[in-house]
Amino acid sequence: MIKINLPDGTSQEHEDHVTSLNIARGISERLANDVIAAEVNGSIVDAARPLTEFVEDSNAIDFRLLTVRDSESLGVLRHSCAHIMARAVMRLFPGTGLAFGPTTGHGFYYDFDVEQKISEDDFPRIEAEMSQIIKEGEPFERFSLPRGEAVELCEEMNQELKVEHLQTGLADHETLSFYRQGEFVDLCRGPHIPRAGKIKAFKLLSIAGSYWKGDKDSKPLQRLYGTAWFSKQDLASYLEQIEEAKRRDHRVLGKKLGLFQIDPSVGQGLCLWLPKGATVRVILEDFIKKELLDRGYDPVYSPHIGRVELYETSGHFPYYRDSQFAPIFGHDAGRIIDYCIRKLEEGGLSSEKEEALLQAAEIMGYERGDYQKATTAEEKISALRKWEKQQERYLLKPMNCPHHAMMYKSEPRSYRDLPVRLAEFGTVYRHEQTGELNGMLRVRGLTQDDAHLFCTPEQVEEEFRQTLQLVQYVLKSVGLDDYRIQLSGRDPNSDKYVGSVETWNQAEASLQKVLEDSGLRFEICEGEAAFYGPKADFMVRDAIGREWQLGTVQLDYTLPERFELEYTGADNKQHRPVMIHRAPFGSLERFVGMLIEHFAGAFPLWLAPEQIRVLPVTDKVADYAQDVLRQLKAKGFRASADMRSAKVNAKIRDAQLELIPYMLVVGPKEAEEGAVSVRDRIESKDLGMIPLAEAIEKFETEVREKTIRQQFKSTFQALEETTEESENEY
RNA sequence: GCUGCUGUAGCUCAGUGGUAGAGCACUUCCUUGGUAAGGAAGAGGUCAUGGGUUCAAGUCCCAUCAGCAGCUCCA
C-alpha cells in the first residue's frame with residue numbers, strides 16, 4: 001500500500017500499482033479528464049506513472065493533481081507541444097536531427113539539425129501536420145532504458161546529437177527515460193501530458209539560428225519557436241499581448257513623437273535626446289535631485305574620462321576590458337606597447353613580430369630602456385609596463401564609483417561624518433556587443449542616477465533600508481507599483497569574486513535581513529552577484545505585465561579595500577568604510593525607454609513634454625489664444641498654441657495623435673468670457689467651457705499630485721506566474 | 001561577437017534587368033471653421049556605402065556599414 005498526503009492535509013492509502021490518473025478517476029471522471037500531471041514530493045511527473053516509483057523507505061508521499069487550471073501544467077503542455085512540433089518536422093523534413101526542445105516563459109522551442117532551410121513559409125504546413133497529430137490524440141508513453149541500450153536506440157534512430165549528449169552531459173545517468181508518441185521517440189526527462197488532444201491552441205512564432213549547446217564553434221541548428229495554451233482564448237490574448245507590445249515599442253514611438261534618435265552617423269548605441277525626450281528626462285532628474293537633497297545626499301560631478309590606473313585600482317579595467325571602449329593613449333606608441341604586453345601575457349607573439357612592433361614603437365618615440373636587459377617574458381612585460389606607467393592613458397569612464405571613492409578620500413573622515421552620500425547623474429560609456437544594442441534600452445553611452453554611500457558596517461542595514469524606501473517612492477511616483485526584488489549572491493563554485501567568504505556572507509545576510517523586515521517580495525539568486533559584492537535588483541512589472549530590471553542596490557566591501565578608504569572610529573583607530581552603490585532608475589536611457597513603453601508614449605501630465613495645447617477656432621481669436629498661452633507659460637506649464645489656419649478638427653486630431661494630455665479650444669465665446677473649453681485626450685471628449693483660472697488650478701493639482709490617469713488593462717492575464725525558463729535536462 | 005532577415009523621399013511602404021512611385025508630413029496659395037483629416041498647386045531621391053556581372057542594375061553577385069529577430073554577454 002502507498003500512503004499519500006494531499007494538499008488539504010488529508011491522507012489516503014492506495015494499491016501499489018496506482019497512478020495519478022487512477023486517483024483522479026476515483027474522485028470523478030471529469031477530474032480524470034482534466035488531469036495533466038501530478039506533483040509528487042515537489043516534482044512534476046506524468047499522470048500515468050505508478051506512484052510506487054516515488055516511495056522512499058515506505059514513507060508517505062506528498063501528492064497533488066495538476067489540471068488545466070494549475071500554472072505548472074502549462075509547462076508540461078508546451079514541452080509536449082515541442083515534441084509534437086518535432087514529430088511534424090521529422091515527417092516533413094526526413095532525416096532531421098533533434099537537439100534540445102525546452103519550454104520558455106510563454107512557449108517552447110526545439111533546435112533541429114536539418115539540411116533544408118526552414119522558413120516562415122513552412123509554418124502553415126508544419127502547423128497543419130501538428131494539428132493532425134493532435135487530432136489523432138495519441139498518448140505519450142514513457143519508458144526507461146539502461147545506458148547502453150539508450151545509446152543504441154539513439155544510434156538506430158540516427159540521432160547523433162542525442163548520442164553525444166548521452167555520452168557527455170548525461171554521462172553519469174545509469175538509466176535514461178524516453179517518450180514515445182506514435183512513430184516518434186525522443187530521449188526526454190519529461191513529464192508530458194497524457195494525450196496529445198490536451199493541446200487546444202498552439203502557434204509557431206518564429207525561426208532563428210542557434211548552436212548545439214549554445215557554443216558558436218559547434219554545429220549550427222535551426223530553432224523553431226512556438227507557444228501552446230489550454231484554450232483558444234488564452235492563445236488569442238497572448239497574441240494580442242504581443243501586438244500590444246509592438247504598438248508600445250519605444251523605438252517606434254520615440255521616432256514618431258520626436259523623443260530621441262539614434263543615428264548611425266553619430267554612432268551605434270549613442271542616443272541623441274531630442275527636446276521632447278530631454279524634457280521628460282529633465283523633469284525626472286529634477287524630481288529625484290530634490291529627493292536626494294532631502295535625504296542627505298551631496299551632489300558631485302566627475303569628468304567623462306579618467307586615468308586607466310584609476311580603473312586598474314578599482315579592478316574594473318582588467319575585468320571588463322572587452323566591453324570597454326579602447327583606452328586613449330597620450331603617447332603615440334602607447335597602443336603598440338599595450339598590444340605587446342597583452343600578446344606577451346597570452347604567450348602568442350613570435351620574436352619577429354615582437355621586434356617589428358617594438359621598432360614601429362621606436363619610430364613613434366618609444367625608448368627601450370629596461371627592455372634591453374630583459375630576457376624572460378615576465379621581465380619584458382614588466383619593462384614595458386614600467387614605460388607604460390610613465391605615459392598618460394585615459395579611459396572613457398565605464399562607471400562612476402572610482403571617482404566617488406577618490407572624493408571620499410579627499411579628506412580625512414571621522415565616524416561622525418558617516419554616512420557620506422555622494423550623488424551624480426554620471427554618464428558612463430560601455431562598448432556593449434553589437435547584437436545587444438536595443439533602442440534606449442541598451443546603449444553605449446548612458447547616464448546612471450548614481451550615488452555611493454560610504455558608511456560604517458553598523459550603518460549598512462539602515463542605509464539599505466532608506467535606499468529601499470527611496471526606490472519605492474520614486475517608482476510609485478511614475479505609477480510603477482508592481483515589483484519584486486531579486487537578491488543576488490555569490491556562486492560558491494566560482495572564483496570570479498574578490499573579497500573573503502566571511503565578508504560576502506556578512507553582506508548577503510545584511511541585505512536579506514532588511515528585505516525580510518521590509519515585507520517586500522524578494523527571491524534569492526545564487527551566482528548573479530557583481531564580482532565585488534551582493535546586490536538587490538528591482539524587477540518592475542509594467543502596464544502590460546512585462547518585467548523590467550531597473551534599479552539596483554549593491555553592497556561593496558571590496559572597493560574601499562582597493563582604494564584604502566578609511567575613517568577614524570570612536571576608538572581613535574582607522575577603520576574601513578562599506579560602500580553601497582545604488583541607482584533607483586538604473587540608467588535614464590533605459591528608464592525613459594521603459595516608461596515610453598509603459599505609458600505607450602502617453603506620459604502623465606507631470607511628465608508630458610507638451611502638457612497643454614491651445615487651439616484657436618479661427619484667426620479672429622489669435623490674440624486671445626496667445627494670451628491664454630502666455631498665462632499657461634507664466635504658471636510653468638509646457639504649452640503651445642496651434643496657430644495654423646486649419647480647421648479645429650484637424651488641430652484636435654494632430655494634438656490627439658501627438659498625445660498632448662489637454663487641449664484648450666478657444667473661440668469667440670471663450671474670448672469674451674476669459675474662458676477655455678477643455679478637451680481631455682484620454683477620454684477624447686470635450687469637458688466643457690470653464691474659466692481659464694479654474695482650468696489652470698485643475699492642471700496644477702494634477703501635476704502636484706503626479707496623478708496617473710491612464711489605466712491600461714491588458715487582456716493578457718493568463719497564468720502570469722509561470723516560471724521563467726525551465727531547463728529541460730535532455 | 002555569432003546566425004538569419006532587412007536597407008527605395010522626413011515617415012510608412014510599392015516597384016517583373018530597360019524613363020524613380022504612392023499615402024502621410026513639408027512649402028505656397030485659397031479657405032476662417034466649434035471637438036479626430038477643407039481644397040489646390042509645388043518641392044523633395046547618390047534607391048545605405050564600395051566593388052563586380054551585364055548593351056543596360058533599385059532589381060543579380062561580393063564586401064562593408066546600419067537596423068531587426070534570436071543566441072551569447074551585462075560593472
Side-chain angles (χ1 to χ4, degrees), chain A residues 104 109 111 117-120 205-225 246 249 251-252 255-256 258 261-269 311 314-317 319-324 397-402 428 430-439 441-442 446 448 450 496 528-533 535 537 549 552 554 556 558-559 581 583 586-587 590 615-622 644-658 663-670 677-681 683-689:
Chain A
T104 60
Y109 66 81
D111 283 347
K117 250 188 55 74
I118 302 176
S119 81
E120 298 206 359
L205 296 176
S206 60
I207 176 103
S210 68
Y211 294 99
W212 173 237
K213 297 192 170 175
D215 175 4
K216 71 173 191 257
D217 297 323
S218 191
K219 196 174 189 107
L221 304 169
Q222 299 191 61
R223 175 170 298 177
L224 205 43
Y225 285 87
K246 272 189 201 157
D249 190 322
R251 292 165 301 189
V252 177
K255 187 178 265 184
K256 202 192 288 182
Q261 184 185 7
I262 294 176
D263 190 315
S265 35
V266 174
Q268 256 192 314
Y311 310 105
S314 72
H316 290 95
F317 178 67
Y319 192 87
Y320 289 107
R321 169 119 205 196
D322 290 341
S323 48
Q324 286 166 0
K397 178 168 72 172
M399 78 295 300
N400 301 302
C401 28
V428 299
R430 295 172 182 180
H431 196 265
E432 303 286 2
Q433 292 182 37
T434 324
E436 293 311 320
L437 300 173
N438 176 270
L441 298 178
R442 196 76 183 270
L446 55 130
Q448 300 173 312
D450 209 0
K496 77 167 188 173
E528 295 293 312
F531 73 89
Y532 51 68
K535 59 177 183 172
D537 292 318
Q549 186 189 319
T552 181
Q554 309 182 352
D556 188 347
T558 304
L559 275 194
H581 309 240
S587 87
R590 184 173 164 78
L615 310 181
V617 169
T618 100
D619 288 352
K620 297 188 185 89
V621 289
R644 294 175 302 171
S645 72
K647 288 172 75 165
V648 72
N649 283 353
K651 295 182 184 181
I652 286 170
R653 180 184 144 86
D654 288 346
Q656 285 280 145
L657 292 177
E658 285 176 59
M663 287 150 251
L664 301 184
V665 177
V666 297
K669 276 183 289 180
E670 287 80 5
S677 287
V678 182
R679 183 186 163 95
D680 173 26
R681 186 200 65 82
E683 300 284 335
S684 193
K685 72 172 189 195
D686 185 2
L687 300 182
M689 191 169 89

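The chains referred to below are lettered A, B, ... by the order of the sequence lines, with proteins before strands, and numbering in each begins at 1. None of these values were measured; they are calculated from a predicted model.
The separation of C5(B) from G17(B), taken at their C1' atoms, amounts to 24 Å, rounded to a whole angstrom. The P atoms of U16(B) and C60(B) are separated by 9 Å, rounded to the nearest whole Å. Rounded to whole Å, the P atom of A9(B) lies 24 Å from the corresponding atom of U64(B). Annotation: U35(B) and U27(B) have their P atoms spaced 26 Å apart (nearest Å). Separation of the P atoms belonging to C13(B) and G7(B) is 11 Å when rounded to the nearest angstrom. Using P as the reference atom, C55(B) and G70(B) are 45 Å apart when rounded to the nearest Å. Comparing the P positions of G38(B) and A25(B) gives an interatomic distance of 10 Å, to the nearest angstrom. Using atom C1' as the reference point in both U6(B) and U19(B), the two lie 28 Å apart (nearest Å).
Annotation: the span from Arg644(A) atom CZ to Asp619(A) atom CG amounts to 12.0 Å, rounded to 0.5 Å. Met663(A) contributes atom CE, which lies 10.0 Å from atom CD of Glu658(A) (distance to the nearest 0.5 angstrom). Interatomic distance, CD1 of Ile652(A) versus CG of Leu657(A), reported as 12.0 Å (0.5 Å rounding). To the nearest 0.5 angstrom, Asp556(A) atom CG is 3.5 Å from His581(A) atom NE2.
The two residues His316(A) and Cys401(A) make their nearest non-hydrogen contact at CE1-SG, 4.0 Å. Listed here is the closest heavy atom pair of Val678(A) and Asp686(A): O-OD1, 3.2 Å. Contact record, Ser587(A) with Leu446(A): CB-CD1, 3.5 Å, taken as the closest heavy-atom pair.
Look at Arg223(A) and Asp111(A) and you find a salt bridge, because one of the NZ, NE, NH1 or NH2 atoms lies within 4.0 Å of a carboxylate O, short of that distance.
As a whole-Å value, the separation of Gln268(A) CD from G67(B) C1' is 9 Å. Counting to the nearest Å, the C1' atom of C73(B) and the OH atom of Tyr319(A) are 11 Å from each other. In this entry the distance linking NZ of Lys256(A) with C1' of C24(B) reads 12 Å, nearest Å. Rounded to whole angstrom, the span from the CG atom of Leu441(A) across to the P atom of C68(B) amounts to 10 Å. Look at CD on Gln261(A): it is 14 Å from C1' on A66(B), rounded to the nearest Å. Computed from coordinates, the Glu658(A) CD to C24(B) C1' distance equals 14 Å when rounded to whole Å. Distance CG (Asp322(A)) to C1' (A75(B)): 14 Å, rounded to an integer number of Å. A straight line from CD of Gln222(A) to P of U3(B) spans 14 Å, rounded to a whole angstrom.
Between Asn438(A) and A69(B), a side-chain N or O to OP1/OP2 separation shorter than 4.0 Å is present.
Contacts of Lys397(A) with the nucleic acid, taken as non-hydrogen atoms under 4.0 Å apart, are absent. Residue-level contact check: Pro398(A) touches the bases, meaning some heavy atom is under 4.0 Å from a base atom.
Two residues, Asp249(A) and Cys401(A), neighbour RNA chain B, and the one matched to the more 5' nucleotide by heavy-atom proximity is Asp249(A).
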With B for base contact, S for sugar-phosphate-only contact and - for none (protein heavy atoms under 4.0 Å), nucleotides 27-39 of chain B reads ----BBBBBBBS-
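Looking at Gln433(A) and Ser323(A), their side chains never bring a donor and an acceptor atom within 3.5 Å of each other. Neither side chain, Arg590(A) nor Gln549(A), offers a donor N or O lying under 3.5 Å from an acceptor on the other.
If you check distances only, the side chain of Ser314(A) never reaches the base of A75(B) with a donor-acceptor pair under 3.5 Å. A donor and an acceptor atom sit less than 3.5 Å apart, one in the side chain of Arg442(A) and one in the base of C73(B).
In the set A75(B), C68(B), C71(B), C68(B) carries the atom at the smallest distance from any side-chain atom of Arg251(A).
Arg442(A) is linked by a salt bridge (Lys or Arg N to Asp or Glu O under 4.0 Å) to Glu432(A), Glu436(A), counting only residues two or more places apart in sequence or in another chain.
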Given the rule that a pair is Watson-Crick or G-U wobble with both distances under 3.5 Å, how would you write RNA chain B in dot-bracket, using | for pairs to a different strand? (((((((..((((....[..)))).(((((.......))))).....(((((..]....))))))))))))....
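With centroids closer than 5.5 Å and planes inclined by less than 30 degrees as the test, Tyr225(A) and the base of G70(B) fail to qualify as a stacked pair.
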